[in-house]
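Predicted model only: the values in this text are computed from it and were never measured. Atoms considered below: every heavy atom in the structure, side chains included; atoms not considered: hydrogens, waters and symmetry mates.
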Amino acid sequence: MLKVVTLAIVFSSLAYIPDTFSIETKIETSNTQFSEKFLQKQINQNVTIGRAIKTIVGHYPQRAASIVGTALDLYPEQYKEIMHAAISAQPTLADEVVTMALNKGISNLSSIVETAINADPSYIDFVVTAAAHSTPEKLNEIVRIAIISEPDSADYIVQSLAKEHPNKIVDILTSAIGAVPYVGEYVVEALLAIYPNDAELVITTAVRESGDHREYVKRIIEIAQNAGVNIEKLEAYAINGGATNEEVSQVLDSNQ
């Protein structure tokens, strides 16, 4: 009898699954139709896609993601305007909009990242982590574009990406300093704050990548010293990265 009851429960559960899927599909279809109607209504009134997105997202924030997704489906060639309008109207959408654009096959990664950052630079850490999560194989390009777009946010960019990809610290550092050499001291300070045990990797890489700018090499050594790195170890790390004994001595002696 117990087996019969169990089988009955199983079969009734299985019978319920299609109904559940049907309900979810209807809800999704309804949301899409809602978004399409609103967009088309705005466009028919000779409103630009950017203004339409901004207005709808502003009035219906709970449907923002659905609206942006529909807009990207209907007007993929106008993705810049769509993304900029959506993020400007609701900055917390930044990471979701970036992920959505990439998942929908818009292949211009650099343009997607740059557009999202320009829409609201204060959410740059969300933008870069979302982009790196969707396209981890393009991490170096993401770092480069982000640093060039907002060099003053280099520390946030590097910290955010290093936390998500701790095994890629060398790549992140190399790309950041290669894009804008003077940010070396800021990214070193940012990385030593969260990965003090990786001081050798951070300092050696940063000094090596800053080799064409000797004044930046000295600043990196100074920053590392101020961060509390052991003096003897610091000397070894810096020299291994390409600093001269004289450069190391000049920095360390002047700070004693």
Side-chain angles (χ1 to χ4, degrees), residues 94-99 101-102 107-118 120-229 233-234 236-243:
D95 53 346
E96 193 169 359
V97 170
V98 168
T99 300
L102 291 170
S107 58
N108 196 332
L109 173 66
S110 298
S111 180
I112 288 173
V113 172
E114 186 176 6
T115 299
I117 291 172
N118 289 339
D120 195 320
S122 64
Y123 279 77
I124 193 167
D125 49 342
F126 292 95
V127 170
V128 295
T129 51
H133 180 75
S134 295
T135 55
E137 73 282 2
K138 295 185 177 180
L139 178 62
N140 294 346
E141 183 180 354
I142 293 167
V143 175
R144 184 182 65 82
I145 292 300
I147 295 291
I148 290 174
S149 299
E150 283 291 317
D152 290 344
S153 299
D155 49 351
Y156 295 111
I157 296 168
V158 167
Q159 269 193 346
S160 298
L161 290 174
K163 288 177 181 177
E164 295 292 322
H165 304 272
N167 295 327
K168 296 288 186 179
I169 290 178
V170 171
D171 292 337
I172 293 169
L173 257 176
T174 300
S175 298
I177 296 174
V180 181
Y182 74 79
V183 303
E185 60 184 276
Y186 307 117
V187 298
V188 165
E189 184 175 26
L191 287 176
L192 289 178
I194 58 174
Y195 294 117
N197 294 332
D198 288 324
E200 179 177 5
L201 185 67
V202 171
I203 296 166
T204 300
T205 301
V207 169
R208 183 180 66 243
E209 296 304 319
S210 302
D212 291 336
H213 305 274
R214 306 317 297 180
E215 67 276 22
Y216 299 157
V217 168
K218 292 180 181 179
R219 281 292 297 151
I220 289 169
I221 297 171
E222 183 178 1
I223 288 294
Q225 182 185 17
N226 293 339
V229 178
K233 291 182 178 180
L234 174 54
Y237 301 161
I239 290 172
N240 287 341

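Panel note: side chain T204, backbone Y237; a donor-acceptor pair is recorded below 3.5 Å.
Of all the heavy atoms in G242 and R214, the pair that sits closest is O-NH2, 3.3 Å. Contact between T115 and S111 at its shortest, heavy atoms only, is OG1-O, 2.7 Å. Closest approach of A190 to Q159, counting heavy atoms only: O-NE2, 3.0 Å. Minimum heavy-atom separation, A176 to V187: CB-CG1, 4.4 Å. Closest of all the heavy-atom pairs between E114 and S149 is CG-OG, 3.9 Å. The shortest heavy-atom contact between P151 and V180 is CB-CG1, 4.3 Å.
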Give the C-alpha distance, both sets of side-chain angles, the deciding distance and a yes or no for side chain to side chain contact (heavy atoms under 4.5 Å, CB included) between V128 and V143.
-> CA-CA 8 Å; V128 295; V143 175; over 6 Å; no
Trace of the side chain to side chain contact (heavy atoms under 4.5 Å, CB included) decision for I177 with Y216 = CA-CA 10 Å; I177 296 174; Y216 299 157; over 6 Å; no
Go through the steps for S110 and R144 under the test side chain to side chain contact (heavy atoms under 4.5 Å, CB included), then give the verdict.
-> CA-CA 9 Å; S110 298; R144 184 182 65 82; 4.3 Å; yes
Any chance you could lay out the side chain to side chain contact (heavy atoms under 4.5 Å, CB included) test for T135 and E137, step after step, and finish with the verdict?
-> CA-CA 5 Å; T135 55; E137 73 282 2; 3.8 Å; yes
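Every residue was checked against the salt bridge (charged side-chain N to carboxylate O under 4.0 Å, His left out) condition with D152, not counting sequence neighbours, and none meets it.
Taking CD of E185 as the start and CD1 of I223 as the end, the distance is 5.0 Å to the nearest 0.5 Å. A distance of 9.5 Å separates CD1 in I239 from CG in L234, rounded to the nearest 0.5 Å. Separating the CG atom in N240 from the OG1 atom in T205 is a distance of 11.0 Å, to the nearest 0.5 Å. Distance check, rounded to the nearest 0.5 Å: OG1 of T129 to CD1 of I124 gives 10.5 Å. Atom CG of residue D125 and atom NZ of residue K163 lie 9.0 Å apart, to the nearest 0.5 angstrom. The CD1 atom of I220 sits 10.5 Å away from the NE2 atom of H213 when rounded to the nearest 0.5 Å.
Each of N167, L173, T174 was checked for a side chain to side chain contact (heavy atoms under 4.5 Å, CB included) with V170, and the lone residue meeting it is T174. Results of the side chain to side chain contact (heavy atoms under 4.5 Å, CB included) test with I117 over I112, I148, V127, V98 single out V127 as the only residue that passes.
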May I have the list of side-chain donor-acceptor pairs in residues 192-199 shorter than 3.5 Å, sequence neighbours left out?
| from | atom 1 | to | atom 2 | distance (Å) |
| --- | --- | --- | --- | --- |
| Y195 | OH | A162 | O | 3.1 |

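Under a cut-off of 6.0 angstrom, the local environment of CZ in F126 is sparse, with at most 12 non-hydrogen atoms contributed by other residues, nucleotides or ligands.
A salt bridge links R219 with E222: the closest approach of a Lys/Arg side-chain nitrogen to an acidic carboxylate oxygen falls below 4.0 angstrom.
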